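Worksheet: one structure, shown below.
To find a chain, count down the sequence lines: A is the first, B the second, and so on, and within it residues start at 1. Here the structure is a predicted model, which is why all the values come from computation and not from measurement. Below, each value reflects all heavy atoms present in this structure, side chains not excepted, and no hydrogens, waters or symmetry copies.
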Amino acid sequence: MNAQTTRQRPAAGESDPAAAARRAGLALVVPALGVVVAVNVLPAFFGFYSSLRAIFFFGDDGFIGWRNYAELFADPATWAAIRRSMIFTFGSLGLAVPLATLAAMGIRKLGAWGRLLLTVLLVPWAMSPIVVALLWKWILLPSPGGLLASILAHFGIEPINLLSHPDFAMPTVIAVGVWRTFAFAAIILTAGLGQIPADLYRAASVDGLTAIERFRRITFPLLSPSLLIVLSVLTISYFNEVQIIIGLTAGGPIHSTTTLGYQLFEVGFVELNQGKGNAIAIVMFLINLFLIVGYVRLLGGGRK
Amino acid sequence: MRYVTRILAAICAFAAAIVAIGPIVWAVSTSVKRNNEIFAVPPKLIPSSATLDHYGRLIAEGVHWSFVNSAIYSIIAVSSAVALGTLAGYAFVRFEFRMKNALLHLFMAAMAIPSYALLLPTQILFVELGLFNTPAALPILYAAHVIPFAVWMTRAHFASVPIELEHAAAVDGYTRFEAVWRVVLPGAKPALIAAAAFGFLYAWNDYITSTTMIDSPELRTLPVALIFFQGFHGRDWGALMAGAVIATIPPVVLFLAFRRYLIGGFSEGSVKG
């Protein structure tokens, strides 16, 4: 693609058309680059820099080394939040990935109706997490008026307030989060299933493999590149989910849904301890990185 | 046997569709019911008489201005992000310049920066720059988030367009700009729509950036306004569901209109990725 850009005649006084093209190329990139560097890249470094300083309510009290981190790891609340983040992330994955796999298989089986189904399942994904939280709060209202409580009452089950029960709040938040996002994974898995040659299944049925064997020996191994993508993308998005938690439980009851992401929000924006908040962000980033590397090791080995 | 699995799949599909759409239908139903029916036991899906009072109460509280704010912020952010991203995407394919690969990697790296990690630093930065709690704050932040994605999408498209197309246009007497504008860009429509639609869904649905960057009620976005409304009128489920409905219409209509491009954008990226 090199010399193609040099066709235009250089303007008077310009001797080198290639230099003009270089300037033009750079001039086209600079506006986009400027915004991204100023608002994304530099603040990311500034975030790390801030995590090494004592900053409260926009007042910088200077460099304190790793003290924010030391404080963070000395606090049992941090470890509890990390544990809840893991429960939220892997609980959501455990629910979303099997559901998305089933949905993808159904979508392929149903042909044109399957494409319609995919569209329908994706509607919640287009909604705002805050609106989703509001909507489910209304459905989960114990009574009167709460839809779920009324349905349960019909079967003689005593309604409980799921969102304000320390044992049920986390599973409920997970279920609502998965309701919004699992169909996104189904897109990638549907595309992945489409890549598996149909001949393999024909050969398998000649060999008399059962449905479960077919899944174990053909579908699952050939789907693993798509599964790797789904797991990575969903892990990041669940680990970092905070809006649905803000909307549903605000970290409660008794901190039972305070994940690391929610703690970042609370420490940084409610308590305005911005140095420590940035330290939490860095810890979250490192955990993200660690999880993704783990997946690539685990599932990426079979890829050519 | 095959027939049975098909019927079973159809039943499961129907149940899944109900679970996905049912809650949204329930919200719409609640938003047009009179108060005595909202809390009726057993609940009624179809109200005996519909009312728009709940929507009226939202307007009386000024929530519709937040709808306007959300729309303005999202549209400015997405159109400028797609415009700037397309220029850069084109340059990365058709021009040679210094540090081209390094700059391209910088855009890709920017996509990997998690947005939560930027909340606090950008807040401090925007306070310093006097941009905190101004109408410019959110369009800038949303645009910066969408640009790398727009660069990625358009670059992939332009790389698949043969340069001969532009040469042919030049032979026809088009300037380079005209050739790109009239010949190359129309072909890039799927990439542009996918980038714009993703960007809009992100900007319109955002709560966390908006709530940390805006203080004044008159600059609020819709999700933030709904949370405030809930704080003051927590039991007014009719109005809250009316708010949920108006917040959901733009993204869902957009998704349904452009679902082909959105689904294509994702599955294509993943198969290649």
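Neither the backbone nor the side chain of A/I151 comes within contact range of chain B; no heavy atom of the residue lies under 4.5 Å from a heavy atom of that chain. In this structure, chain B has a heavy atom under 4.5 Å from the side chain of A/L141, while its backbone stays farther away. Both the backbone and the side chain of B/I124 come within less than 4.5 Å of a heavy atom in chain A. Contact annotation for A/L26: both backbone and side-chain heavy atoms come within less than 4.5 Å of a heavy atom of chain B. Only the side chain of B/I21 comes within contact range of chain A, with at least one heavy atom under 4.5 Å from a heavy atom of that chain. Looking at B/I227, only its side chain comes within 4.5 Å of chain A, counting heavy atoms on both sides. Proximity to chain A involves both the backbone and the side chain of B/V19, based on heavy atoms less than 4.5 angstrom apart. Contact of A/L28 with chain B is made through backbone and side chain together, with heavy-atom distances under 4.5 Å. In this structure, chain A has heavy atoms under 4.5 Å from both the backbone and the side chain of B/Y116. For a residue to count as touching a neighbouring chain, one of its non-hydrogen atoms must lie under 4.5 Å from one of that chain's; by this rule A/W136 touches chain B with the side chain only. In this structure, no portion of A/V132 lies under 4.5 Å from any heavy atom of chain B. The contact between B/R259 and chain A is made entirely by side chain atoms (from C-beta outward), counting heavy-atom distances below 4.5 Å. For A/F265, the part lying under 4.5 angstrom from a heavy atom of chain B is the side chain only. Both the backbone and the side chain of B/Y207 have a heavy atom closer than 4.5 Å to some heavy atom of chain A. In this structure, chain B has no heavy atom under 4.5 Å from any part of A/A19. Within the 4.5 angstrom heavy-atom criterion, atoms from both the backbone and the side chain of B/Q123 approach chain A. Using a 4.5 Å cut-off between heavy atoms, A/V30 does not touch chain B at all. Both the backbone and the side chain of B/P23 come within contact range of chain A, judged by heavy atoms closer than 4.5 Å. The part of B/L256 that comes within reach of chain A is its side chain, from C-beta onward, which places non-hydrogen atoms under 4.5 angstrom from that chain.
To the nearest 0.5 angstrom, A/Q274 atom CD is 9.5 Å from A/F56 atom CZ. Atom NZ in B/K33 sits 13.5 Å away from atom CH2 in B/W237 (nearest 0.5 Å). Note that the CD1 atom of A/I130 and the CG atom of A/L135 stand 12.5 Å from one another [nearest 0.5 Å]. Taking CG of A/L193 as the reference point, atom CD1 of A/I107 lies at 9.5 Å (rounded to 0.5 Å). Of the inter-residue distances, the one linking B/T248 atom OG1 with B/I24 atom CD1 reads 7.0 Å to the nearest 0.5 angstrom. Here the straight-line distance linking atom OG of B/S31 with atom CG of B/L240 works out to 11.5 Å at 0.5 Å rounding.
The shortest heavy-atom contact between B/T154 and B/A150 is OG1-O, 2.7 Å. A/A185 and A/L234 get closest at one heavy-atom pair: CB-CD1, 3.8 Å.
Taking A/N278, A/V41, A/L110 one by one and counting their heavy-atom pairs under 4.5 Å with chain B, the maximum is reached by A/N278. With chain B as partner, the option from A/F48, A/F46, A/F285, A/W179 having the largest number of non-hydrogen pairs under 4.5 angstrom is A/W179. Ranked by heavy-atom pairs shorter than 4.5 Å toward chain A, the options B/T211, B/I38, B/L125, B/T175 are led by B/I38. The residue among B/F97, B/F14, B/F39, B/F126 with the most heavy atom pairs within less than 4.5 Å of chain A is B/F97. Most heavy-atom pairs under 4.5 Å with chain B, from the set A/M284, A/R180, A/M105: that is A/M284. Ranked by heavy-atom pairs under 4.5 Å with chain A, the first of B/A9, B/G243, B/A117, B/P223 is B/P223. Between chain B and the residues A/V39, A/L147, A/L134, A/I282, the largest count of heavy-atom pairs under 4.5 Å involves A/L147. Highest contact tally toward chain B, considering only A/V230, A/L117, A/T190, is held by A/L117 [criterion: heavy-atom pairs under 4.5 Å].
Judged purely by atom type and a 3.5 angstrom limit, B/T30 has no side-chain atom pairing as donor or acceptor with the backbone of B/M241.
Ion pair B/R94/B/E166 flagged as a salt bridge, since at least one NZ, NE, NH1 or NH2 atom sits closer than 4.0 Å to an Asp/Glu carboxylate oxygen.
Ring geometry for B/F200 against B/W204 counts as parallel: the plane angle stays under 30°, on a 0 to 90° scale with 60° as the upper cut. A perpendicular orientation is assigned to the rings of B/F198 and A/W125, their planes being inclined by more than 60° (bins at 30° and 60°).
Counting heavy atoms from C-beta outward, B/M108 and B/L104 have side chains that approach closer than 4.5 Å. When side chains are defined from C-beta on, B/T209 counts as touching B/L138, because their heavy atoms get closer than 4.5 Å.
Remark: A/R53 pairs with A/D60 by the salt bridge (Lys or Arg N to Asp or Glu O under 4.0 Å) rule, at least two apart or across chains. Qualifying side-chain hydrogen bond (donor to acceptor under 3.5 Å, both in side chains) partners for A/S51, counting only residues two or more places apart in sequence or in other chains: A/Y69.
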